[in-house]
Amino acid sequence: MAFAHDTLVALKALEDLVNTAPHGEDPVEVLETPEDLADFLEERYYSGRVSGDDDELAAVRAMRPRLRELVLADRDDAAEIVNTMLTECRAMPQLVRHGGFDWHVHAVPADARLDRRIMVESAMAVLDVIRADEYGRMSTCDATDCSGVVIDLSRNRSRRFCSTSCGNRIAVAAYRARQAQEAG
């Protein structure tokens, strides 16, 4: 699998954003305030205008279910969702350079609303996954008490959990079960 750097960055950000929504047995809203959103964005390489207000936060939070649907759709349905998103946002791919990154694709202006930029970047990244016939990399967390999404970008397709904590919980539970079985 050889995705371009901007695709890899956008896929990781997509996964992270979808997983900020409450999910699993202990649902927690990660993006409670505009400051939480600013912290999230600082680590994800989104360029362009950020308002930092409650309306922007609400718009980003509101699109997470749609992005989750995109990740978990089958490949053909995902293609339709991508096309719809790109059409709605009037995406027009352009090559740009900024922030130390060489030529890569942006499809909406830097001054477009943040939720639109995130939606288009996510759609463009998923477009690459669909074209590469790698949609099997999109799934949900294998932890039975978690519904987080997983976009497996590992070489050997071995990623099963949405976070280290889910993987650790499952490993600890399996270890305890083995210990109990050996003791019993």
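Side chains are part of it too, since the values below use all heavy atoms of this structure and drop only hydrogens, waters and symmetry mates. Start at 1 with the first residue, then count along the sequence. Keep in mind that what you see is a predicted model, and the values were worked out from it rather than measured.
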Chemist: Tell me every residue that passes side-chain contact (heavy atoms from CB on, under 4.5 Å) with Asp16, counting only those two or more places apart in sequence or in another chain.
Modeler: Lys12, Phe40, Arg44
Chemist: Enter the distance from Leu37:CG to Glu32:CD here, rounded to the nearest 0.5 Å.
Modeler: 12.5 Å
Chemist: Mind listing the closest non-hydrogen atom pair of Arg64 and Pro22 along with its distance?
Modeler: NH2-CD, 4.3 Å
Chemist: Between Leu67 and Val71, is there a side-chain heavy-atom distance shorter than 4.5 Å?
Modeler: no
Chemist: Any idea which heavy atoms bring Phe161 and Asp142 closest together, and the distance?
Modeler: CE2-CB, 3.8 Å
Chemist: Output all residues satisfying side-chain contact (heavy atoms from CB on, under 4.5 Å) with Pro109, sequence neighbours left out; order by chain, then residue number.
Modeler: Asp111, Ala112
Chemist: Go through the steps for Arg68 and Ser147 under the test side chain to side chain contact (heavy atoms under 4.5 Å, CB included), then give the verdict.
Modeler: CA-CA 10 Å; Arg68 179 182 177 80; Ser147 59; 3.7 Å; yes
Chemist: State the NE2-CG distance between His5 and Asp102, to the nearest 0.5 angstrom.
Modeler: 11.0 Å
Chemist: State, to 0.1 Å, how close Glu15 and Val150 come at their nearest heavy-atom pair, and which atoms those are.
Modeler: OE2-CA, 3.2 Å
Chemist: Please lay out, stage by stage, how His104 and Val9 fare under the test side chain to side chain contact (heavy atoms under 4.5 Å, CB included).
Modeler: CA-CA 11 Å; His104 61 281; Val9 168; over 6 Å; no
Chemist: On a heavy-atom basis, which atom in Ala73 and which in Tyr135 lie closest, and how many Å separate them?
Modeler: O-CE2, 3.1 Å
Chemist: To the nearest 0.5 Å, what is the distance between CD on Glu35 and CG on Asp39?
Modeler: 8.0 Å
Chemist: With sequence neighbours left out, what residues match Arg116 under side-chain contact (heavy atoms from CB on, under 4.5 Å)?
Modeler: Glu88, Cys89, Arg113
Chemist: Determine whether Asp128 and Arg131 satisfy the following criterion, side chain to side chain contact (heavy atoms under 4.5 Å, CB included), listing intermediate values before the conclusion.
Modeler: CA-CA 5 Å; Asp128 283 349; Arg131 288 180 345 131; 3.8 Å; yes
Chemist: How about Met124 and Leu86: do any of their side-chain heavy atoms sit closer than 4.5 Å?
Modeler: yes
Chemist: For the residue pair Met85 and Leu70, establish whether any side-chain heavy-atom pair is separated by less than 4.5 Å.
Modeler: yes
Chemist: Testing His98, Gln94, Met92, Arg117 for side-chain contact (heavy atoms from CB on, under 4.5 Å) with His106, which one passes?
Modeler: His98
Chemist: Can you tell me how far CG of Leu114 sits from OG of Ser47, rounded to the nearest 0.5 angstrom?
Modeler: 10.0 Å
Chemist: Identify the two heavy atoms, one from Pro34 and one from Gly52, that lie closest to each other, and give their separation to 0.1 Å.
Modeler: CB-O, 3.3 Å
Chemist: If you group Ile, Leu, Val, Met, Phe, Trp and Tyr by side-chain heavy-atom gaps below 4.5 Å, do Val105 and Val96 land in one group?
Modeler: no
Chemist: Could you see if Ile81 belongs to whatever hydrophobic cluster contains Leu17? Use Ile, Leu, Val, Met, Phe, Trp, Tyr and a side-chain cutoff under 4.5 Å.
Modeler: yes
Chemist: Nearest heavy-atom pair of Leu57 and Thr33: which atoms, and what distance?
Modeler: CD2-C, 3.5 Å
Chemist: Quick one: do Glu56 and Arg49 make a salt bridge, cutoff under 4.0 Å?
Modeler: no
Chemist: Contact between Met119 and Asp115 at the side-chain level, heavy atoms closer than 4.5 Å - yes or no?
Modeler: no
Chemist: Please tell me if the side chains of Arg75 and Asp133 come closer than 4.5 Å, counting only heavy atoms from C-beta onward.
Modeler: yes
Chemist: Are the side chains of Ile151 and Val129 in touch, meaning some heavy atoms are under 4.5 Å apart?
Modeler: no
Chemist: Is Val30 close to Asn19 at the side-chain level, that is, under 4.5 Å between some pair of heavy atoms?
Modeler: no
Chemist: Can you tell me how far the CG atom of Asn83 sits from the CG atom of Leu127, to the nearest 0.5 Å?
Modeler: 7.5 Å
Chemist: Take Asp76 and Ile130, measure what side chain to side chain contact (heavy atoms under 4.5 Å, CB included) needs, and give me the verdict at the end.
Modeler: CA-CA 8 Å; Asp76 290 343; Ile130 293 168; over 6 Å; no
Chemist: Using a 4.5 Å cut-off on heavy atoms from C-beta on, say whether the side chain of Arg90 contacts that of Val120.
Modeler: no
